[in-house]
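These numbers come from a predicted model, not from an experiment. Just so it is clear: chains get the letters A, B, ... in the order the sequence lines come, proteins before strands, and each one is counted from 1.
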Amino acid sequence: MRRAAILTAATTTLATVALAGQSYRTITEARTARAEDSLFVDVKFMAGTLQLAPGDGTSLYRATINYNEGDFLAFTDYYPDKNRLEIGLRPKEDLVSRLGRIKTAQRLDLSVTPLVPLRLSLELGAAEAELELGGISLVGADIVAGAATAHLSFGEPNRTTCNRLTLRAGAAEFRADGLANARCHHIVFAGGVGDVTLDFTSRWTGAMVHSAEISLGLGQLTLRLPETLGVAIDVDRFLVSFDDVGFTKSGARYVSPGYRSATSKLDIKLKAVLGDIDIVWIEP
Amino acid sequence: MRNASRLLALTVLSWAGQPGGAYSQTTPLAKQASPHIAAHSATISSAVASLEFELSNGDIVTVSFTRGEVRGERTVGGTTTSKVLARYDPDGDLATAWWSLLDQSGRLDPTEMLETIRRWAAAGTASSDAEAVANIVAPFLVLEAVPVAERPANGSGPRPDTQSSASSSAVVRESTDAQYSPVVRRDRSGLSAAASQVGEDVIGLLASFASLCALGFGLVFFAPRQLEVVADTVRQSFWRSFLAGLFAQPLIIPLLGMLVLGLALTVVGILVIPFAIAAFVVATALGVLGGYLAVAHSVGETYLRHKMARGNVVGGWLAYRYIVYGLAALLAIWLPAVLFSWVPLAGKVAMTSAVLVTWMLATAGLGAAVLSRAGIRGTFTRQLDRALSDEYLYQTPAATPVTESRDGIERPRQ
């Protein structure tokens, strides 16, 4: 009993000392929007929680970073000549030796103006990310989620059209909602291991063919497709169960019934090894 | 009160009159040309609280509270000048008020932040720290906000250009706010789709079988002795091999790191690092794959020996047969996974089982390869005792075949 009490006291003391050693710093930054014709935002966030959302338009961007200054370095560099913002958080030493200490209350809240055409590059480490890109003027994005839990959503239609949206996830839980609102011509998703949901609902506009390349190593992929959209899927799979409900098969191609007559079409190339692919049809 | 206001005005004028203060001009003409704030940044921790304004011409104005001292800095054209503006008590009202002020900075744009500082300064002139407040805010009060004409109006900019095409699109009859709900559709393709999926998976499995057979034949041809030793090790010491493989797996990456580090330390070895990495990867792949094939060899051998022991005839090319039979047995584990992958629960159970069993066998194979030093040492193979076993008689042809000569006398063949 006494031994247990001593052990408990020692553990508590050690934990207190360890927590006391963590000093947090907050950096806030805001930049007035002027007459920028474009904005490139490069985010590298290695640990913590990231929230990205559209701003109100008065600032070009606004950021708040709360981080453990003992272990991490925060950076916010804006290059006015290139209209480029580099922002994020990186560990001072190698990440592997810090793995036990990165579960902290670190946080980056970033909002970007919806009024300037935006090109986004986002790299996540062991982080949780909530990314709302709806309503901004997104012309292209490259999002890499390492061992992250990421939720990307387009709650409002993109203000402009986007050429390419690239999403890459390592060992991650990844969900992308309202991809139709992204208004991207080409969507690429490459996943390693994980649980992935790609939701292609919301507002499909224009008589055009959109394309998507999806590859998944091991895991569960759920595709949420609106019934009104013409969908064709080329599947290349090994030991993957594919729920082809709602499709008619033609060779290696699965085609939705209204594909030929649909105004908006989505052509998907799908590669998967070991796992499940589920299709969920969504009616308006 | 009046004295404090005068103090503030005087302090501002003294800051504005400093060299490098491009914003010291007060005539309307000069005002048009003067830079205005472009960005602000605040840093807050338990020890430091600093506020920085960046101007449109690249100049920077900073005020920071640290170690009981309030320091003001101006960076003009890359040259920084600094001076102490005031002193503060870390537990005092001034420090508390400054930290609270900076807490708001995340919610404000630069213009709003500047306005907030002005309000804070006006309130501060009534406090007991009036002189300190006046000194602290002086560097900021000479700054100019973004002219109203240049500010983007909220909601301006590119509008979503979705309306024009909306009417022509059949798909966009849905409202953006429409609530979507998942619907369950009747399976239109039925069993044919499942059969097609199973067919594809079976073909994949057969292709894997053929590939592994080819690799196994290569091993039998080029390293028969090593393959047999590893296979024997698996058969005789399965759990020992499994544990060895289990412990070896997490060591693979550190071992590679040590190899690279060791070579790097020798300086000369840096040149061979790429080759060493390639060799290590090949050796690891051979260890895992060769181990798995050795397990297959062992399984095939066990099966065929039992068959022979029952008196059944087994053809030649035994070592190759071991591989084929063994691989067929090992890959048969995947058959339920392939055949029932479309069945909701059973498919997952079969798949998980197959993955687990295959991993276990591959781990044992790797462990056997480690224990036998890639088939060089037979420490854990069976030790044949001729006095107790008749295994040495298996398939061994008669040492001296007897033939009958024309004269009817049996003689050993020469």
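- Summarising the geometry, atom CD belonging to B:Glu54 is positioned 4.0 Å from atom CZ belonging to A:Arg31; distances are rounded to the nearest 0.5 Å.
- To the nearest 0.5 Å, atoms CG (A:Asp276) and NZ (B:Lys348) are separated by 4.0 Å.
- Separation of atoms CG (A:Leu60) and CG (B:Asp109) is listed at 11.5 Å; rounding is to 0.5 Å.
- The most heavy-atom pairs under 4.5 Å with chain B, out of A:Thr64, A:Ile27, A:Thr76, come from A:Ile27.
- Only the backbone of B:Leu205 has a heavy atom closer than 4.5 Å to any heavy atom of chain A.
- A distance of 8.0 Å separates NE2 of B:His40 from OG of A:Ser59, quoted to the nearest 0.5 Å.
- Contacts between B:Glu112 and chain A at a heavy-atom distance below 4.5 Å involve the side chain alone, from C-beta outward.
- For B:Met351, the part sitting under 4.5 Å from any heavy atom of chain A is the side chain, from C-beta outward, and nothing else.
- Taking OG1 from A:Thr26 and CG from B:Asp103, the interatomic distance works out to 7.5 Å, rounded to the nearest 0.5 Å.
- Atom-to-atom distance recorded for B:Ser105:OG and A:Arg62:CZ is 10.0 Å, nearest 0.5 angstrom.
- Only the side chain of B:Ser208 comes within contact range of chain A, with at least one heavy atom under 4.5 Å from a heavy atom of that chain.
- Ion pairing between a basic and an acidic side chain is recognised when a charged N comes within 4.0 Å of a carboxylate O; A:Arg237 and B:Asp201 show no such pairing.
- By the side chain to side chain donor-acceptor pair (under 3.5 Å) test, A:Arg84 is found to be paired with A:Asp42, A:Glu86, residues two or more places apart in sequence or in another chain being considered.
- Contact annotation for B:Ile37: only backbone heavy atoms (N, CA, C, O) come within less than 4.5 Å of a heavy atom of chain A.
- You'll find the side chain of B:Ile44 stays beyond 4.5 Å of the side chain of A:Arg25, heavy atoms only.
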